[in-house]
Each structure stands twice: as C-alpha cells, then as structure tokens.
Amino acid sequence: MSTLVIVGAQWGDEAKGKLVDVLGSQADVVVRFAGGNNAGHTVITGGKTFKFQLIPAGILHPGTTAIIGSGMVVCPKGLLEELDRTLAQKPDLGTLLISSAAHVVFPYHRMLDALEEEARGANKIGTTSRGIGPAYQDKVARFGIRMGEFIKPELFEMRLREVLAYKNRLLQMFGSPTVEFDALYEEYSKYADRLRPFVVDTEVLVYKAVEADKKVLFEGAQGTFLDLDSGTYPYVTSSHPVSGGACLGTGVGPRAIQSVLGVCKAYTTRVGSGPFPTELEDEIGEFIRDKGQEYGTVTGRGRRCGWLDLVVLKQASRLNSLSGLVVTRLDVLSGIEKVKVATSYDFEGEQIDHIPANVWDFAKVSPHYEEMEGWDGDLQKCRTMDDLPSSARRYLDFIEDQTRTPVAIVSIGPDRDETIVVRPQLIWG
Ligand code: IMP
C-alpha cells in the first residue's frame, strides 16, 4: 500500500500546502478530508503564488486526481472563484472531483456563524466567519444539503425549501433579516450547473486507487488541536483534522492508511481565541510574526506566535499515530540568540506532559522551558542536514528525542526546492 496522510500537528497554518504540493508530484490521487474554505493553503512555485482554500493543493500536478472528500463542507461560490483563479494562473491542472457526500455551505450558514459568535460574548471562538460551524451543525442535525442533491435541480429545490423554512424561523428568532427562497435558488442553481460535471461518488474511486496500490495522499486541513474531539474545545473547528479524519472524510478504513506525517512549525502559532501556553507577547513574538509573515491567508489576522511546545507535539504524535514529523519554517528562527522549547507544564503544583482536556484547566498551565543555543545565517540555501548550523541540528534532535518521533522532512523556505528530505522511507511507508 502507498498511502500517506498529512496532518497539522499544532493549531493549523503549519505550511501543509507546500508539503502537499511537494509530495503531490509523486501521488496519483490527492484527497482532502476535512474543513472548508476556513483553510488557506499557500503554494509558491515557479515564481507564482497559489492560494487554495477548498481545492486540494495537489491539483497543481497535471497527472493527479484532486478530490474534495465527503468530510468537507463546500461553498460553491468560493470554489468556483478559486477554480477560475487557479486556471487563469495555470491552465494545465490535475483532474478535480467532488464527493457527492460533501456538504454545501449556504449564505444562511455564514449569517448564523456571525450570530452565534455574537451570542458567545466574551467566550467567542474567533471563527473565520465562513459558516463552517453552522454547516457542520446541519450535517449532524440531518438538515445538510449534500453535493449529490445540490446538482439535481428537483432534489435541490425540495431540500432547500425544507431547510430554508427552518433556517428563516431561526434567523427571525435572532432578529436577523431572512433569506428569500427564489433569489437563493436561482443564484445557487447556476453554481450547481457549473459544478455538476465534477460531482461523483469519490469514495469508490479512492478505495479502488488504494486497492490498486496507487499513491494516495490524504490532505489534512487545520491542525490537531483544532479537532472537534481532540482539540482545545470549544476553541476548535467543527471537523476532524486528526489522521482518523482521513478515514471519516474519504470513505476508507483505518487499515488503508500506511503512513502519517505531522507537520509542525519550528515554533508555534495560533489564530482565534483559546489558551496558548508558550505565546510570546514581546519583541521575539513580533520578530517571528514579521519574519515569518504570520498573517492569516483567509482572514488576514495577525497570528499569535510563541515558542515550540513539545507537550503539544507529543500529544499530536499520540493522537495521530505519527510515522514522522515535518518541521517547517526553521529558517524563521534564524537570528534568535537563545531559543526556548516547552517540555512539560506546571499544573496546580504538579508537573504534567499532556494537555488537560478541560480547556479552563489548560488555561492555567505554565510551561517548563529548555533553553537552547540559537542559530544564525540564511538557512534557505541549505539542501542537506549537514548544511544546517549545528545548533539547528541539535534543535531537531531534541524534538525527535522528546516526541519519540523521527523527523522525516525539514522545510527551510517557502519554495518547493527549499526542502530537506531526511528520511524518505517514512513518506509512503
Ligand atoms: P471556524 O473553523 O471558522 O469555525 O473557526 C474555528 C477556529 O478554528 C478559529 O479559532 C479559527 O481561527 C480556527 N481555524 C479554522 N481554520 C483554520 C486554519 O486553516 N488555520 C488556522 N486556524 C483555523
């Protein structure tokens, strides 16, 4: 079997897009399994910058089939804009397919996202306001409209009438304007007409590709600690970014997964609210944000930046059954004299090395740090481990020791070439 799951090992934005692009060149099928256009995957190649939100980053390779899996929620308007933009940049793309079981995001989801955030008051999550939470709520409540229904005009009309009547009562309760059926149906039917050729039962296709020993890459979005169950609830997204989500969101079973790579930055970032023990609200945090251009692809918000947290990575390794780590943005830390790494937490007088499940407890932990020698110079030119400064190599060794997870790949810049493959055997199993 040649199957690989790529997940974010922190709170998202770990530069998974670049990795999926690099490894996507080797894959026959790339299938994304969770989230919607709350994600933002940037790929820089050949002097061009591509920004993906819904389309799997693997689409840039013409021989690849790029699948929007059943675990995703899809904004049709956003998807079409993204497709047109990408085609204008690069006409020779891979084949795009959309699972008929993926759910559709409608404007009332975005309206409800804003209203729910307002209702949370001081405890607001800081969502991307793309309607993601309400779309997944509909899925669980059995009110969701799936792609397979959306592209069949009569079915779509029947389902939209049923759902919209209910949504409008909800919107009225909030004192919000309601959504008019005819205008919505007309606008979205046009999107459905354009998307129809892409919609199939992709689950069979993915299964057959796995069975035929094709290289199948399962592309994660967001990060482990934004997972609805395993993350820092309620400051999470509404899907399953952990490796188990690759099965739930594409229709394969756990034994179809061969290898799992967890992508982490050499430091930590977080957008939105929620505890962040190693957060740096000082000039080093500023330095990382500026040098790493840590601003959200989707919202443009400045990301919160902090030291690498190995408690987070140890837990990510366990939750995802990681085969290996991909450490990205090592170049950004270059120029900091002493770097710190959290190895455990103090919690109510005890030393712990896990994240308390109760987020209010997690907010009380204080990290224990190991201080290490920093490094200097332009890492972007390095192409082998031996090219890296010795203190950067020691930093990577320390990560491996503490997490008991081998480093498979190190990324030292945004471009495809700025990648050091340390252990190729971990990639496809
Ligand atoms: P939602 O997914 O828009 O509901 O947002 C829920 C939380 O997940 C917020 O804290 C968002 O900032 C965060 N989030 C969602 N998608 C991403 C992502 O792709 N990268 C980083 N954070 C994200």
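Counting starts at 1 for both ligands and their atoms, in listed order.
With hydrogens left out, the protein atom closest to atom 20 (N) of ligand 1 is D13 OD1, 3.0 Å, a heavy atom. Protein heavy atom closest to atom 12 (O) of ligand 1, with residue, atom name and distance, is R301 NH2, 3.0 Å. The single protein non-hydrogen atom nearest to atom 3 (O) of ligand 1 is T128 OG1, 2.6 Å, given as residue, atom name and distance.
Taking only non-hydrogen atoms, the option from V271, D113, V73 nearest to atom 22 (N) of ligand 1 is V271. Looking at L226, T127, T237 and measuring to atom 13 (C) of ligand 1, the nearest heavy atom belongs to L226. Which of S129, G126, G223 comes nearest to atom 11 (C) of ligand 1 through a heavy atom is settled by distance: it is G126.
Using a 4.0 Å cut-off between charged nitrogen and carboxylate oxygen, D84 and R194 count as a salt-bridge pair.
For ligand 1, the polar-atom distance check against Q222 finds a nitrogen or oxygen pair separated by under 3.5 Å.
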Which atom pairs, donor and acceptor, lie under 3.5 Å between side-chain atoms of residues 353-360 and protein residues at least two apart or in another chain?
unit_1 : atom_1 : unit_2 : atom_2 : d
N358   : OD1    : W360   : N      : 2.9

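The backbone N or O of G272 lies less than 3.5 Å from a partner atom in the side chain of R304, making a donor-acceptor pair.
Summarising the geometry, atom NZ belonging to K139 is positioned 8.5 Å from atom OG belonging to S239; distances are rounded to the nearest 0.5 Å.
Here V236 has backbone heavy atoms under 4.0 Å from ligand 1, and that is the only part of it that gets that close. When heavy-atom distances to ligand 1 are checked against a 4.0 Å cut-off, W11 comes that close only through its backbone atoms N, CA, C and O.
Taking the ring centroids of Y395 and F398, they lie at or beyond the 6.0 Å cut-off.
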>> Assess the residue pair E286 and R289 against the criterion (salt bridge (charged side-chain N to carboxylate O under 4.0 Å, His left out)); give the C-alpha distance rounded to whole Å, side-chain angles, the decisive distance to 0.1 Å, and a yes or no.
In response: CA-CA 5 Å; E286 280 293 322; R289 185 161 32 253; 3.0 Å; yes
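Within the structure, the ring pair (Phe, Tyr, Trp, His ring centres under 6.0 Å) test picks out no pair touching residues 41-93 (sequence neighbours left out).
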